[in-house]
Amino acid sequence: MTDRSKPGSKGDRDGLRHQMLAVGCTTAEIATEMRVRYRMRPREAWRHAHGWTLQTAADRITEAAASTSPVAADASLTAKWEKWPGGAARRPSVPVILAMASAYGCEPGDLLDIDDRRALPDTDLRALTRPAPPTVDPQPVPAQSPSLPTTDLVHLAADESATWAQWAEASNVGDLGLEQMLAEIRTLAGDYLVSDPVVLFGRTRRLRDRVFGLLEGHQYPRQSRELYAASGYLCALLAWMSSDLGQLRDADTQGRTAWLCAELADHDDLRAWVLSTRSKVAFWDGRLRDAVAYARRGASCRPSGTVSVLLACQEADAWSVIGAHDESLAALHRAEDARAALTGTDEVGGILSCQPSRQDNYAAAVHLRGGRPADALRATTSALALLAVQPVRAYGTEAQIHISQASAHLATGEVDGAREALAPVLAMPPDHRLAPVARRLSELSAVIDHRAPGAGVIGLRAAITDWCADSAPRHLALSPGAGSADLISG
């Protein structure tokens, strides 16, 4: 008994397409047959008529839109556009449908059925089903010739301009909504310093989806730029959070999308923050030269606010791991110069800012790697004093400062001082135990016997091992799914 593909399966669809192509059928005829035979929506039928996967179609749609109105398509969005106006779907905007039509080689109206036409706004429907402009006979025609209804043609042109103006004037977002969106981004960036990262990831993802949805609609160019900037900041936050949860590949993906948004918004400060985020991801991924390159490129954007300080600190951090201590010290001096020259303020703040205590945290780590424990101890003492008077104390930064302080004590043989410095870190709740902190603690544990051998540190090493086993990245690694996006639903 031979196996046969079930109706509507990939094998069945491919077999039908090959059979129809063999007898000379066009892609349009194949799409029609797919719609009738498998009860598909028109956009899905056209994709299968070409034999494309969702990701292939997304790539072709993005490419088709590149020269007109940019569309950032992916497999998930393409699937939602195909299913609209059904549940859990997303309405394709006019630029999206035009890009689809260009990619599939059809008219925009071929991608719409009766359900689409009922659900589309009138302005969108008119833009997508507008008849082709009348052709004009190139031969001269007498002015009084009854064959050319000049008055009607003038009226038609005026009506077309009025229709387009009505569409161009409409916007799916107002200035108050944009202001509220930025306020929500600032709240998320500030809350991340003190809250559960998994909860904040979900909130940030939901806001990002709202902004992406607005960008698929229509607004004034100025409003589009502000929405792209909001999307860039949100993707940068998601990149930062993903890396803190130990998901570096996902963080890199978010960083690339954030960079696209920064370019579309033409926003230098956002470019700098995105490059700072990408430098962080590269650092923890062991791509130290990339981390340096991203930090330097961010500084070349000449941003306002404290990102210029953070970029110099990140460059110093990467150089110190490489072992280029002169370069790391030079970068620390540039961070001090950038702090002294600050004139602007941070647009978002929170995790997307660099307070003096955060700068001291980087300096302490750089001094430790350079073999200067006394300088590291001074930097951590300064950082903790600054944190004590800050209204919001970032638990991730504070934990790293304590670890640096413990490392400085161990470097000078002060085991009791190290144990005292680590006490607040070891008492952190599991959902605050981020990947960078876990990495720093693991590194400390690996060298602890070399710096202070003896029974006095056995209990300390055991406590560190237990702490890392009950961290947020560890919980994520043991959870079902391939990464943070699977664990954290919108």
Carboxylate-amine/guanidinium contact Glu44 Arg35, below 4.0 Å:
no

Salt-bridge present (Arg287, Asp252; N to O < 4.0 Å)
yes

Answer yes or no: are there more than 12 heavy-atom neighbours, outside Glu63 itself, under 6.0 Å from its atom CD?
no

One thing to verify: whether Asp290 and Arg278 come together as a salt bridge, which I'm taking to mean a side-chain N less than 4.0 angstrom from a carboxylate O.
no

Counting only heavy atoms from other residues, nucleotides and ligands, does the tally under 6.0 Å from CD of Glu29 exceed 12?
yes

Give a yes or no on whether Arg39 atom CZ has more than 12 heavy-atom contacts from other residues, nucleotides or ligands under 6.0 Å away.
no

Under the side-chain hydrogen bond (donor to acceptor under 3.5 Å, both in side chains) test against Tyr192, which residue among Thr204, Asp244, Thr187 passes?
Asp244

Can you list the residues that meet the side chain to side chain contact (heavy atoms under 4.5 Å, CB included) rule with Ala189, with sequence neighbours excluded?
Leu237, Val348, Ile351

Would you find more than 12 non-hydrogen atoms of other residues, nucleotides or ligands less than 6.0 Å from Glu107 atom CD?
no

Given Arg271 and Glu263, is the salt bridge (Lys or Arg N to Asp or Glu O under 4.0 Å) satisfied, shown in steps?
CA-CA 7 Å; Arg271 286 186 179 104; Glu263 289 286 275; 2.6 Å; yes

Would you call Arg41-Asp113 a salt bridge at under 4.0 Å N-O?
yes

In this structure, are over 12 heavy atoms from other groups packed under 6.0 Å from Arg289 atom CZ?
no

